[in-house]
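In listed order, ligands and their atoms are each counted from 1. What's counted below: heavy atoms across the whole structure, side chains too, no hydrogens, waters or symmetry copies. What you see is a predicted model; the values in this text were computed from it and never measured.
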Amino acid sequence: MPRTPAHRSRVGSAALAAAAALLLGLAPAPAAQAGADGEKAAPTLHELADRTGRYFGSAVDNPELADTEYANLLGSEFGQTTAGNSMKWDATEPRRGEFDFTQGDEIVNYAQSKGLSVRGHTLLWHQQLPDWLTSGNWTADELRSLLKNHITNVVTHYKGKVVHWDVANEIMNEDGTYRENIFYKTIGPSYVADALRWARAADPDVKLYLNDYNVEAVGAKSDAYYTLIKRLKADGVPVDGFGMQAHLALQNGFPNQLRQNIQRFADLGIDVAITELDIRMILPSDTAKLARQADWYGQVTRACLAVERCVGITTWGYSDRHSWIPGTFPGEGAALPWDENLRHKPAYDAISAALSAAAKKEDRQH
Ligand code: XIL
């Protein structure tokens with residue numbers, strides 16, 4: 001991707017002031033106060049990422065937009081967003097052939113009003129499918145035509161409004177075999193290439209992604225995607241990117257060889273994105289866990305920054321006030337870089353430091 005940092009000239013007064021403060025033995029002013037005395041406010045995560053040619057984003061679910069304080073910070077700190085739920089099949093085609101884009105449009109309109117780009121998520125998944133689809137007893141031909149119609153309508157509606165589509169989400173098992181979702185069971189593995197082709201036919205410009213979790217490390221599951229994407233490319237099937245969700249958990253260990261893994265996908269000639277980053281822990285949180293979480297956030301950020309074709313990072317929400325983790329993993333939480341009161345956690349500082357180092361390096365090279 002082109003490296004044209006938009007904010008190169010901003011290298012900054014804020015950074016210089018912070019360095020001077022350190023030299024003088026002063027604590028740097030907190031972000032909230034910067035600017036009060038005419039200093040430039042600390043750069044946002046997206047401003048720093050943008051200087052390296054990348055975006056920094058956060059997912060958002062529609063009800064969260066009503067939390068004004070939360071929505072305002074989303075709009076000012078981030079450069080990209082992903083609809084947490086409202087572009088999924090159950091939301092966009094709740095009845096066969098009847099499309100409802102109200103909720104997805106709300107996210108797009110909000111994003112446009114704040115200057116955020118949008119990743120589309122997701123055209124096909126084994127979860128959050130409407131009952132009419134899962135309860136039908138479809139032949140392969142019938143399901144293929146339902147899938148084609150769904151993809152064509154949704155991609156056409158959001159043409160020019162989303163920059164990426166997660167075309168297929170979570171289609172592999174941990175051992176690298178295909179997940180036996182309704183599409184695989186009814187149609188067989190060819191549904192993946194077909195889905196990508198239908199998406200491309202509906203929008204020639206949007207970047208088409210495969211997306212999954214537990215693919216951050218080198219292992220059976222990421223190997224399966226590596227082999228699949230290599231074959232799709234060889235067959236001329238349109239696939240532009242690989243999304244690593246990165247729902248990490250402190251108790252599971254840091255994904256081994258993350259940077260090398262990102263690099264090998266990039267070497268296939270596709271983009272890579274960190275699409276749903278959060279780092280949960282067993283509650284209660286404590287200083288040691290938060291420090292380890294911060295270290296991991298820094299490591300993930302640096303791994304992406306080290307690979308030219310890693311185009312951006314999206315966290316799955318940004319504050320512990322609104323996170324899917326406690327509801328899905330009982331007893332776990334505290335997974336995001338801002339706390340419930342929208343205050344920075346150590347993780348925020350680690351991300352900011354990693355981005356800042358890369359932004360300064362980029363500035364020097366131009
Ligand atoms: C989650 C949403 O955040 C929840 O609100 C919803 O109840 C379930 O789905 N992987 C994905 C996302 O690809 O779509 C999931 O989002 C989180 C895991």
Side-chain angles (χ1 to χ4, degrees), residues 57-67 70-71 74 78 80-94 103-104 106-108 110-111 118-131 133-134 150-151 154 158 162 164-174 178-179 181-184 192 195 199 207-217 221-222 225 241-249 252 255 272-280 300 312-330 332-338 340:
S58 165
V60 67
D61 199 12
N62 291 66
E64 295 158 13
L65 291 177
D67 179 345
Y70 184 86
L74 177 76
F78 298 93
Q80 178 274 334
T81 193
T82 305
N85 285 302
S86 52
M87 294 189 190
K88 293 170 182 174
W89 198 318
D90 59 352
T92 52
E93 194 183 358
Q103 299 279 297
E106 188 187 16
I107 303 286
V108 168
Y110 171 80
V118 180
R119 300 189 78 255
H121 173 81
T122 173
L123 298 174
L124 158 186
W125 191 24
H126 62 284
Q127 288 185 29
Q128 292 177 273
L129 293 170
D131 289 342
L133 183 67
T134 50
H150 181 75
I151 290 176
V154 177
Y158 287 111
V162 304
H164 301 172
W165 264 114
D166 287 331
V167 175
N169 195 34
E170 304 184 354
I171 61 168
M172 293 290 178
N173 292 317
E174 296 304 300
Y178 279 96
R179 186 189 286 277
N181 62 25
I182 184 174
F183 310 103
Y184 183 82
V192 179
K207 300 280 185 205
L208 305 178
Y209 276 68
L210 304 182
N211 191 55
D212 211 328
Y213 64 94
N214 283 355
V215 293
E216 298 77 28
K221 198 171 185 181
S222 61
Y225 276 100
F242 185 46
M244 298 181 177
Q245 293 183 4
H247 291 295
L248 308 183
N252 294 347
V272 178
I274 306 294
T275 54
E276 305 184 14
L277 177 61
D278 50 23
I279 304 177
R280 61 188 189 267
V300 172
I313 298 174
T314 309
T315 55
W316 204 245
Y318 70 87
S319 143
D320 297 333
R321 182 187 292 185
H322 299 295
S323 168
W324 73 302
I325 295 294
T328 308
F329 302 93
E332 298 179 47
L336 292 163
W338 276 258
E340 292 180 4

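- Annotation: Phe242 is not in aromatic contact with Tyr209 [ring centroid separation under 6.0 Å not met].
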Q: Any chance you could lay out the side-chain contact (heavy atoms from CB on, under 4.5 Å) test for Leu248 and Val300, step after step, and finish with the verdict?
A: CA-CA 10 Å; Leu248 308 183; Val300 172; 3.9 Å; yes
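- Here the two rings, on Trp338 and Phe78, have centers that are under 6.0 Å apart.
- In this structure a side-chain-to-backbone donor-acceptor pair under 3.5 Å is missing from Glu64 to Asn62.
- Using cut-offs of 30° and 60° for the angle between ring planes, the Phe329 and Trp324 rings count as perpendicular.
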Report each N/O pair between ligand 1 and the protein that falls under 3.5 Å, naming both atoms.
{"unit_1": "ligand 1", "atom_1": "3 (O)", "unit_2": "Trp316", "atom_2": "NE1", "d": "2.9"}
{"unit_1": "ligand 1", "atom_1": "5 (O)", "unit_2": "Asn85", "atom_2": "ND2", "d": "2.9"}
{"unit_1": "ligand 1", "atom_1": "9 (O)", "unit_2": "Lys88", "atom_2": "NZ", "d": "3.2"}
{"unit_1": "ligand 1", "atom_1": "9 (O)", "unit_2": "Gln128", "atom_2": "OE1", "d": "3.3"}
{"unit_1": "ligand 1", "atom_1": "10 (N)", "unit_2": "Glu170", "atom_2": "OE2", "d": "3.2"}
{"unit_1": "ligand 1", "atom_1": "10 (N)", "unit_2": "Gln245", "atom_2": "OE1", "d": "3.4"}
{"unit_1": "ligand 1", "atom_1": "10 (N)", "unit_2": "Glu276", "atom_2": "OE1", "d": "3.0"}
{"unit_1": "ligand 1", "atom_1": "13 (O)", "unit_2": "His121", "atom_2": "NE2", "d": "3.3"}
{"unit_1": "ligand 1", "atom_1": "13 (O)", "unit_2": "Asn169", "atom_2": "ND2", "d": "2.9"}
{"unit_1": "ligand 1", "atom_1": "13 (O)", "unit_2": "Gln245", "atom_2": "NE2", "d": "3.3"}
{"unit_1": "ligand 1", "atom_1": "13 (O)", "unit_2": "Glu276", "atom_2": "OE1", "d": "3.2"}
{"unit_1": "ligand 1", "atom_1": "13 (O)", "unit_2": "Glu276", "atom_2": "OE2", "d": "2.9"}
{"unit_1": "ligand 1", "atom_1": "14 (O)", "unit_2": "Lys88", "atom_2": "NZ", "d": "2.8"}
{"unit_1": "ligand 1", "atom_1": "14 (O)", "unit_2": "His121", "atom_2": "NE2", "d": "2.7"}
{"unit_1": "ligand 1", "atom_1": "16 (O)", "unit_2": "Lys88", "atom_2": "NZ", "d": "3.3"}
{"unit_1": "ligand 1", "atom_1": "16 (O)", "unit_2": "Trp316", "atom_2": "NE1", "d": "3.4"}

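- Smallest separation of non-hydrogen atoms from Leu129 and Thr134: CB-CG2, 3.7 Å.
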